[in-house]
Undergrad: 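Quick one: the structure is below, and I'll ask about it shortly.
Side-chain atoms are counted along with the backbone in the values below, which use heavy atoms only and exclude waters and symmetry mates. So you know, we letter chains A, B, ... as the sequences are listed, proteins then strands, and number each from 1.
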Amino acid sequence: MLQGPSLRQGPTLRPLTTAHLAQTMSLLELPAAELNQKIEAELARNPALELREIKHCPSCKQPLSGTRPCQRCSTPKSLSPEEPIVFVSPREDFFIPGRLSSQDLPEDNFAPHIEDLPTYVLKQVAPDLDYQEAQIAAFILTNLDDDGLLNISISEIAQYHHISLSKVKHILNQIQRSEPLGVGSPNPKEALLIQIDVLSERVPVPSLTKEAISEGMELLSKHQYVELGRLIGTSTRQAKEIANFITENLNPYPAHSAWGDFRQSSPNNVDVYTHPDVIITLLNDSLYSPLVVEIVSPFAGLLQVNNLFRNSLDQAPSDKADQWRSDIDRAELLVKCLQQRTNTIVRLMKRIIRLQRDFILFGDRYLKPVTRASLANELDVHESTISRAVASKTIQLPNGHIIPLSKFFDRSLHIRTILKQIINHETKPLSDNDIAKVLEEKGFNVARRTVAKYRAMEGILPSHLRQIRTSPEIT
DNA sequence: CTATGGCACGGATT
DNA sequence: AATCCGTGCCATAG
């Protein structure tokens, strides 16, 4: 990927060589976590590349990007809520665990405080427990693995704390029933069963789903629907529907924030998001304050070419000279490309965030359909540049959810969300045609066939299989 | 007869 | 150039 000989030139400003372009592109499509690895590897291998001394901001202790003052702490001039505060952060410790919450309440998905999973869950269960129970709950929660599953047995816990098995079970039950649903289950199967249990109180769940999970877990994960249907005594089609419902609405690994984010991902192939490329928070936890956008860009402004190394080039032993020179070239190229990468991402983000402020704050239904092409036009870059910048990147919203950046370019998300609402509020099951009508009244022109597709995407059953939901006023 | 899912086509998007 | 998406048509289930 790096071409040595072709760019053997002076160390001054280099014209845009093809190698340069190629590397800029490849860096652009790398998510932060991988970029981090790549640069670390290069730092270790290439003696011409060095890390500038990292200075930390005196007030917030975060590493500073290059020589600039802390962009996080310096008070912004404009406090217009519309105008996001965007800054680049080279933070090394960008691990922030993703969280999960009920996806059925898009209007309410605002929860500005970021905390780790154990704390988040503990806060939910603590009010219902006495002091000793809370201690045990805390103990349980610290033993969760990255998937949000519990890998020690109930009896171990009971022995350790000298209490009865039933008490542990009681506490664990409380934990499993808090958000993210199923957290603390010993395995994916249990987690799914809990989720079904709780979900069935709010949403229609296809019949036999529980049986499919408890008896046909293996078949499910292998997508063997014919056998599954036979096992639980139903048609293959119904089995497929169940499987579909499960992938769409449930999550075998409670700690992963991918509820409904992935249509194609199968239960055994769940994408994990842990290191977002962009983190959005609210300045004062207020909805009317600007969004604070932190672009996680490893080593941004911290890399430079070692001057000692460069100056000693003419004294290089003749057999090493070539090697040294190519090292310097590589280093320069990397620094430059990294700069370009951050620049592109910053410009892109500024635009996206201003455009999609409502979506970021208030949820899916406020997503404005934007294409990569239109954005490329506005920013005056090639479409493929945007594609690369968006690909395989993730972003953390103020509510703590980590979603793929590509979600910002979902053409139909807002309609699907409204569709979900229509169905949630329906008094009698509406047919796809009816729904298309309602949508049209709201100003969305979609064909009946398309409604069916959206419905399928959201894992909603066809009207004749839907039961009438209990009306909003619950006594 | 109505509602829905499968297939396939064409245009947009990447 | 390859892929995705909305849509129309048709078969089938209810």
Side-chain angles (χ1 to χ4, degrees), chain A residues 21-22 24-31 204 206-208 223 225-226 228-229 233-248 260-265 271 344-345 347-348 351-352 355-356 364 367-394 404-420 422-423 426-440 442-468:
Chain A
L21 284 176
T24 311
M25 288 310 172
S26 71
L27 284 191
L28 194 57
E29 54 193 338
L30 246 41
S207 55
L208 293 175
H223 304 276
Y225 302 128
V226 185
L228 180 64
T234 182
S235 67
T236 306
R237 204 180 108 221
Q238 184 75 5
K240 272 190 194 158
E241 236 154 48
I242 292 174
N244 195 31
F245 179 85
I246 293 174
T247 21
E248 300 290 341
D261 285 344
F262 291 98
R263 280 170 245 139
Q264 298 97 334
S265 66
D271 297 71
T344 311
I345 295 183
R347 294 205 314 141
L348 174 64
R351 189 73 195 115
I352 292 189
L355 218 55
Q356 304 286 17
D364 289 355
L367 182 78
K368 299 185 184 73
V370 180
T371 65
R372 294 162 169 82
S374 68
L375 220 60
N377 205 23
E378 288 179 38
L379 294 181
D380 200 30
V381 291
H382 197 278
E383 300 171 8
S384 72
T385 311
I386 305 282
S387 279
R388 285 163 186 278
V390 168
S392 71
K393 300 244 168 45
T394 57
L405 196 50
S406 55
K407 190 165 173 180
F408 282 78
F409 298 92
D410 191 315
R411 271 182 280 168
S412 56
L413 185 69
H414 62 296
I415 303 189
R416 296 205 307 274
T417 331
I418 293 171
L419 178 139
K420 268 198 276 186
I422 293 175
I423 293 179
E426 79 191 358
T427 40
K428 69 171 175 40
L430 297 169
S431 75
D432 289 349
N433 244 328
D434 299 337
I435 296 175
K437 270 255 173 71
V438 179
L439 280 173
E440 190 171 357
K442 296 189 182 237
F444 303 101
N445 238 332
V446 283
R448 164 246 111 216
R449 190 65 190 79
T450 311
V451 171
K453 290 256 154 122
Y454 288 170
R455 206 169 35 68
M457 281 186 194
E458 299 298 335
I460 301 170
L461 291 172
S463 64
H464 60 275
L465 293 178
R466 261 181 265 142
Q467 38 185 273
I468 314 98

Undergrad: Dot-bracket for DNA chain B, please. Rules: Watson-Crick or G-U, both distances under 3.5 Å, ( ) within the strand, [ ] when a pair crosses earlier ones, | for another strand, . otherwise.
TA: ||||||||||||||

Undergrad: Any donor and acceptor pair, going by atom type alone, linking the side chain of A:R351 with main-chain N or O of A:L379 inside 3.5 Å?
TA: no

Undergrad: Separation of A:M457 atom CE from B:dG6 atom P, in whole Å?
TA: 14 Å

Undergrad: Side-chain contact, heavy-atom cut-off 4.5 Å: A:I460 with A:L419?
TA: yes

Undergrad: Are OP1 or OP2 of B:dT14 and a side-chain N or O of A:S384 less than 4.0 angstrom apart?
TA: no

Undergrad: Across the strands shown, which category fits A:R455 at heavy-atom distances under 4.0 angstrom: base, sugar-phosphate, nothing?
TA: sugar-phosphate

Undergrad: Would you please name every residue forming a salt bridge (Lys or Arg N to Asp or Glu O under 4.0 Å) with A:R449, sequence neighbours left out?
TA: none

Undergrad: Between atom CZ of A:R448 and atom NZ of A:K453, what is the distance when rounded to the nearest 0.5 Å?
TA: 10.0 Å

Undergrad: What's the CZ-P distance between A:F444 and C:dC5, to the nearest Å?
TA: 19 Å

Undergrad: Shorter than 3.5 Å, N or O on both sides, protein versus nucleotides 10-14 of chain C: list them out with atom names.
TA:
none

Undergrad: Would a distance-only check, ignoring hydrogens and angles, find a side-chain to backbone donor-acceptor pair under 3.5 Å from A:K393 to A:L28?
TA: yes

Undergrad: Please check if the side chain of A:T385 supplies one atom and the backbone of A:A376 the other of a donor-acceptor pair under 3.5 Å.
TA: no

Undergrad: Considering only side-chain heavy atoms of A:R411, which listed nucleotide, C:dG8, B:dT4, B:dT13, is closest?
TA: B:dT13

Undergrad: For A:F409 and C:dC4, give me the distance from atom CZ to atom P, rounded to whole Å.
TA: 17 Å

Undergrad: Please confirm whether the shortest side-chain N or O distance from A:S463 to OP1 or OP2 of B:dT4 is below 4.0 Å.
TA: yes

Undergrad: Measure from the side chain of A:E383, starting at C-beta and using heavy atoms only, and say which of B:dG5, B:dT14, B:dT13 lies closest.
TA: B:dT14

Undergrad: Is the backbone of A:I415 close enough, under 3.5 Å, to the side chain of A:S412 for a donor and an acceptor to pair up by distance?
TA: no

Undergrad: With a 4.5 Å limit on heavy-atom distance, are the side chains of A:L348 and A:V390 in contact?
TA: yes

Undergrad: Out of curiosity, A:T394 OG1 to A:K407 NZ, how far, rounded to the nearest 0.5 Å?
TA: 13.0 Å

Undergrad: Among residues 369-377 of chain A, which ones have heavy-atom contacts with DNA chain B below 4.0 Å?
TA: A:T371, A:R372, A:A373

Undergrad: Measure from CG on A:L461 to C1' on B:dG5 and round the result to the nearest Å.
TA: 13 Å

Undergrad: Whole-Å distance between B:dT4 C1' and A:K453 NZ?
TA: 12 Å

Undergrad: Please state whether the phosphate of C:dC5, meaning OP1 or OP2, lies under 4.0 angstrom from any side-chain nitrogen or oxygen of A:Y454.
TA: no

Undergrad: Salt bridge (Lys or Arg N to Asp or Glu O under 4.0 Å) with A:E440: which residues, sequence neighbours excluded?
TA: none

Undergrad: Using the side-chain hydrogen bond (donor to acceptor under 3.5 Å, both in side chains) rule, collect all pairs that involve residues 430-439 of chain A, keeping only residues at least two apart or in two chains.
TA: A:S431-A:D434, A:D432-A:R455

